[in-house]
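So the structure is just underneath, and the comments pick up after that.
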Amino acid sequence: MKLKRRDAMKSIKILNLSDIHIGHPNTHANFMFENIKKFFFKHTKLFENLDIITLSGDLTHKLLPTNSNDYSVFTDLLIFLVSFCSNNNIKLRALEGTKSHDMGQMKNFYKIIDKLNYNVDFKYVDTLFIEHMKDLNFTILYVPDELNNSNAKETFKDVLNLMKEHGLSKVNHVILHGQWNYNLPVSSKANHNEEDYLSICDGFISCGHIHEFSTYDRIIMTGSFDRHNHGSECKKGTVLFEYNELGNEYLFLENENAKIYKTIHMEKYNPNELIAIIKKLKLPAGSFIRVKTKDLSIDKSVIKDIKNLFQDYTIDFASNKKEKTDVRSALSEEIVGLQITNDNIVSLVEEELENFNIVNKLDFIEELKKHI
Ligand SMILES: [Mn+2]
């Protein structure tokens with residue numbers, strides 16, 4: 001979808017960046033920050049005209065030690081965003097994502113803005129909150145992750161009460177960090193209900209949490225800006241929202257430089273064939289390669305030789321190692337070539353959930369057991 005230029009008409013443009021995960025052990029902070037700068041440089045013209053930049057959670061992966069390189073890159077990223085917003089008169093909004101990832105570290109934006117004397121309209125939000133932007137005549141509902149111990153029903157009750165307090169029947173836009181029923185095959189109390197939020201918002205519901213871009217009606221899951229694991233070979237990027245009198249549109253903008261995590265499937269392990277395949281792929285230095293084979297007869301010294309031969313890559317042999325994956329790609333991947341029966345489905349799902357950062361895993365399993 002292309003956004004049409006309607007400069008003469010009053011419009012509101014919002015860019016949502018999500019799940020950057022600075023401090024991730026696989027994809028390095030420096031790489032991701034360089035990518036973000038390249039991305040902003042590529043879209044400068046478009047981004048200079050934004051009204052709001054939103055961060056829908058999980059900007060960091062963990063609590064970053066102040067003496068670490070990750071922390072230094074994190075600070076540079078905050079300065080970069082603040083400076084871009086200050087130069088172009090763009091509002092900046094940061095929503096707290098998953099507690100174990102964000103740990104309140106986005107509060108540092110306030111310090112940077114204050115100490116470096118930037119003039120930015122900034123808000124960090126870690127509670128259920130409704131904001132009316134007077135200048136844009138635009139109302140946003142913010143829903144951080146894990147409210148009410150991740151009881152999504154309770155959280156929606158709070159949303160309705162808060163809207164009542166504000167005398168609102170609808171908001172224009174929602175920013176939410178969390179998962180939806182449509183994202184996951186089994187129900188959980190942490191899943192938000194699509195129809196609930198669609199009924200109280202006349203615009204888009206812009207979300208973070210699941211690292212793959214997806215949509216359900218006006219619910220737009222941006223996905224992560226970069227790639228962090230194997231099993232997540234989908235496109236990565238950001239989402240641009242445009243509100244105007246002729247209708248609302250969104251546009252997925254791809255981060256074409258996202259880190260490459262490539263899986264090579266081999267029925268029977270053959271080192272020479274593998275070397276030829278890797279050479280032929282011509283992946284950029286720094287890429288991650290996973291070799292998946294059911295053949296368990298691989299000689300450890302041969303693995304070492306292959307790793308030595310391709311020192312620019314990180315190579316894993318997945319038959320010995322569990323890998324982290326996104327929900328949807330994991331499910332589609334594991335289902336291929338595997339007979340799922342009532343006897344093995346619980347253990348398969350349990351095993352996969354191990355890799356996900358999802359609360360209430362036990363709820364999933366209990367719910368699943370009821371259906372078999
Ligand atoms: Mn999250």
Side-chain angles (χ1 to χ4, degrees), residues 16-27 29 32 36 54-64 70 74 77 93-107 109 124-129 141-152 155-156 174-186 188-194 197 205-216 219-229 231-232 234 236-239 255 258-259 323-331 352-361 363-364:
N16 187 50
L17 272 163
S18 198
D19 295 82
I20 294 171
H21 285 262
I22 294 290
H24 196 282
N26 298 346
T27 306
M32 292 196 277
I36 291 167
T54 60
L55 303 168
S56 58
D58 292 2
L59 183 63
T60 55
H61 185 67
K62 59 180 185 184
L63 188 63
L64 306 174
D70 289 340
F74 170 65
L77 171 60
R93 297 292 181 267
L95 177 78
E96 181 79 355
T98 307
K99 292 257 175 321
S100 59
H101 290 310
D102 273 328
M103 312 282 288
Q105 293 172 106
M106 285 189 283
K107 281 178 208 154
F109 271 119
Y124 159 77
V125 182
D126 64 351
T127 54
L128 197 62
F129 177 63
L141 165 70
Y142 299 81
V143 186
D145 200 11
E146 300 172 318
L147 295 176
N148 295 304
N149 286 321
S150 300
N151 185 328
T155 299
F156 191 67
V174 176
I175 307 170
L176 176 147
H177 191 98
Q179 67 214 32
W180 299 87
N181 285 325
Y182 87 90
N183 293 128
L184 296 158
V186 282
S188 154
K189 72 179 171 81
N191 288 5
H192 295 286
N193 184 290
E194 292 85 1
Y197 284 83
I205 297 151
S206 165
C207 315
H209 193 47
I210 304 289
H211 287 194
E212 182 172 350
F213 169 78
S214 68
T215 65
Y216 179 100
I219 298 171
I220 316 292
M221 183 68 76
T222 294
S224 58
F225 177 75
D226 218 302
R227 203 171 283 114
H228 307 107
N229 324 97
S232 176
C234 57
K236 301 292 175 179
T238 65
V239 173
N255 164 19
K259 182 62 81 186
E323 67 280 354
K324 290 200 166 184
T325 51
D326 280 359
V327 174
R328 299 166 111 220
S329 41
L331 288 166
E352 280 309 314
L353 287 177
E354 282 286 294
N355 293 321
F356 304 138
N357 174 37
I358 296 169
V359 285
N360 303 315
K361 286 172 191 162
D363 285 2
F364 276 95

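Atoms within a ligand are numbered from 1 in the order they appear, just like the ligands themselves.
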To the nearest 0.5 Å, what is the distance between CG (Asn16) and OG1 (Thr54)? 3.5 Å
Result of checking Val174, Thr127, Asp126, Val125 against Tyr142 for side chain to side chain contact (heavy atoms under 4.5 Å, CB included): Val125
Sequence-distant partners of Asn191, side-chain hydrogen bond (donor to acceptor under 3.5 Å, both in side chains), two or more places apart: Gln179, Asn181
The Mn ion (ligand 1) - closest N/O/S atom in His209: ND1
Does the ring centre of His21 sit less than 6.0 Å away from the ring centre of His211? yes
Using 2.8 Å as the threshold, say whether any N, O or S atom from Asp145 sits that close to the Mn ion (ligand 1). no
Atom name of the N, O or S atom in Asp58 that lies nearest to the Mn ion (ligand 1): OD2
Could you please compute the angle at the Mn ion (ligand 1) from OG1 of Thr98 to NE2 of His177, rounded to 10°? 90°
